[in-house]
Amino acid sequence: MAHDHGSHAHSHGADHVHGSTDKKRVLVAGCLTAGFMIAEALGGLLTGSLALLADAGHMLADAIALGLAWYAFHLTGRPATGRLTYGFARVKTLVAYTNGIAIFVIALWIVYEAWGRLMHPAPVLGGPMLVVAVAGLLVNVASFFALHGGDRESLNMRGAILHVLGDLLGSAAAIAAALIILATGWTPIDPILSVLVALLILSTAWSLMREAAHVLLEGVPASLDRDLIAKDLEAAVKGVREVHHMHVWSLDGTSNMATLHACLNDGVDAHAAVSAIKKRLAAKHGIDHATVEPEFGLCADSHDEHDHHHDHDHAHDAPRDRRHYH
């Protein structure tokens, strides 16, 4: 069935405010990260520290990722078009998924380099390394606080925060490695701590990628249960005999949507029933946009009157008389 979601493509009031402030937060964090990344890379080369080089490489990826995140917020403000009826809101999820892949690549590179350093230890200048690592930690703390007040429900913001947290861990590891090298002269601690940071980054990156992929695949949001929602509508909305052909998904990780068929009892006011269903979805389940097809008797898309909630895919029969309420 045809759906017109264009007019619902963007979040309302508070979401627009969040988007504007989040965009500024990401820009500040990106500038801080890009600015110090060069200094940290030079510091890593001069001191011979893999921990600093690894953190600089991570900061390079982060600067690019934060730039992409900023651009995603910029695109989200554009209106929907005839070809992109949802607008550009899902760009943020695409960027979050791409960020996860970038973190994976950086972490694997760190592990590879660390193995080489363990096999062939190299001298490390602990004093200069400590100075650069402490400066890096301060910059990363500033970036974290710039992002900390943003919308935690946004996958894009969570991806940006994840990058900065990875940088914080990298700086902390570099400081610890520098202190141990200064105290004992044991340089293998440098690649060892780099690997520990890489493993932490891989774990959090996998979580981000999995959640972003779920949104891109239009899976049911983790906070919702489609079958329970269908049963709730059947029980709570007067005149609704059965709910089926129900799809629940999220546009960008925060804005939930649904489509469904509502089989009504004979004599029920279809418009009133659809309005009640939409109000129930919004108030009880946090689904602000729903497309509901009211039906009487047999489902127009199936010859089976007892179509179940989980039956989604049916061959498209010749259209029968049916009404849509959006």
* To do: With side-chain contact (heavy atoms from CB on, under 4.5 Å) as the test, would you mind laying out the steps for V105 and L108 before giving the verdict?
  => CA-CA 5 Å; V105 172; L108 292 175; 6.0 Å; no
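- Taking the side chain as every heavy atom from C-beta outward, H245 and T259 never approach each other to under 4.5 Å.
- Residues forming a side-chain contact (heavy atoms from CB on, under 4.5 Å) with L50 (at least two apart in sequence, or on another chain): E113, A114, R117, D190, P191, S194.
- In this structure, L147 and A29 approach most closely via the heavy-atom pair CG-CB, 3.8 Å.
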* Kindly determine whether I287 and I229 satisfy side-chain contact (heavy atoms from CB on, under 4.5 Å), including the steps that lead there. => CA-CA 10 Å; I287 299 174; I229 293 173; 4.1 Å; yes
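- One side chain, D232 or H285, offers a donor N or O that lies under 3.5 Å from an acceptor on the other.
- Of all heavy-atom pairs between A177 and I189, the closest is O-CG2, 3.9 Å.
- Note: L196 CG to L169 CG = 10.5 Å, rounded to the nearest 0.5 Å.
- Atom OG1 of T291 and atom NZ of K278 lie 6.0 Å apart (nearest 0.5 Å).
- Annotation: the span from W70 atom CH2 to L27 atom CG amounts to 7.0 Å, rounded to 0.5 Å.
- In this structure, the separation between CH2 on W109 and CG on L53 is 6.0 Å, given to the nearest 0.5 Å.
- Two different hydrophobic clusters hold L216 and W249 under the rule that ILVMFWY side chains link at heavy-atom gaps under 4.5 Å.
- Two residues are said to be in side-chain contact when any heavy atoms from C-beta on lie closer than 4.5 Å; L46 and L125 fail this criterion.
- Taking CG of D269 as the start and OG of S275 as the end, the distance is 8.5 Å to the nearest 0.5 Å.
- With sequence neighbours excluded, the residues that form a side-chain contact (heavy atoms from CB on, under 4.5 Å) with T81 are R83, L84.
- Under a hydrophobic clustering in which Ile, Leu, Val, Met, Phe, Trp and Tyr are joined whenever their side-chain heavy atoms come within less than 4.5 Å, directly or via other members, Y71 and V164 fall into the same cluster.
- With respect to the salt-bridge test (charged N to carboxylate O, under 4.0 angstrom), the residues R241 and E295 do not qualify.
- V268 and G239 make their closest contact through CG2-CA, 3.7 Å (heavy atoms, listed as atom of the first residue, atom of the second, distance).
- Side-chain contact check for W186 versus I181: every heavy-atom pair is 4.5 Å or farther apart.
- Counting heavy atoms from C-beta outward, N256 and L224 have side chains that approach closer than 4.5 Å.
- At least one donor-acceptor pair closer than 3.5 Å links the side chain of E234 to the backbone N or O of V243.
- When hydrophobic clusters are built by joining Ile, Leu, Val, Met, Phe, Trp and Tyr residues whose side-chain heavy atoms come closer than 4.5 Å, directly or via intermediates, V215 is not grouped with I101.
- Within the 4.5 Å cutoff, the side chain of H289 has no heavy atoms near those of the S255 side chain.
- For the atom pair L260 CG and L281 CG, the distance stands at 6.5 Å (nearest 0.5 Å).
- The number of heavy-atom neighbours closer than 6.0 Å to CH2 of W115, taken from other residues, nucleotides and ligands shown, is 12 or below.
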* Step-by-step side-chain contact (heavy atoms from CB on, under 4.5 Å) determination, E218 to R90 -> CA-CA 11 Å; E218 297 192 343; R90 189 160 280 183; 3.4 Å; yes
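- Connection of L137 to L60 is established within a shared hydrophobic cluster, with ILVMFWY side chains joined at heavy-atom distances below 4.5 Å, either directly or through further cluster members.
- Residues A262 and I277 share a closest heavy-atom pair of CB-CD1, 3.6 Å.
- Using a 4.5 Å heavy-atom cutoff, the side chains of V248 and M246 are in contact.
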* **side-chain contact (heavy atoms from CB on, under 4.5 Å) between C263 and H244, worked out** => CA-CA 8 Å; C263 188; H244 54 251; 4.3 Å; yes
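- The salt bridge (charged side-chain N to carboxylate O under 4.0 Å, His left out) test applied to D225 returns no partner, not counting sequence neighbours.
- Closest of all the heavy-atom pairs between S171 and E40 is OG-OE2, 4.4 Å.
- The shortest non-hydrogen separation linking V132 to F36 is O-CZ, 3.5 Å.
- At least one side-chain heavy atom of L251 sits less than 4.5 Å from a side-chain heavy atom of Y86.
- A 4.5 Å side-chain heavy-atom check between F145 and R25 finds every atom pair outside the cut-off.
- In this structure, W206 is a member of the same hydrophobic cluster as V195, with clusters built from ILVMFWY side-chain heavy atoms closer than 4.5 Å.
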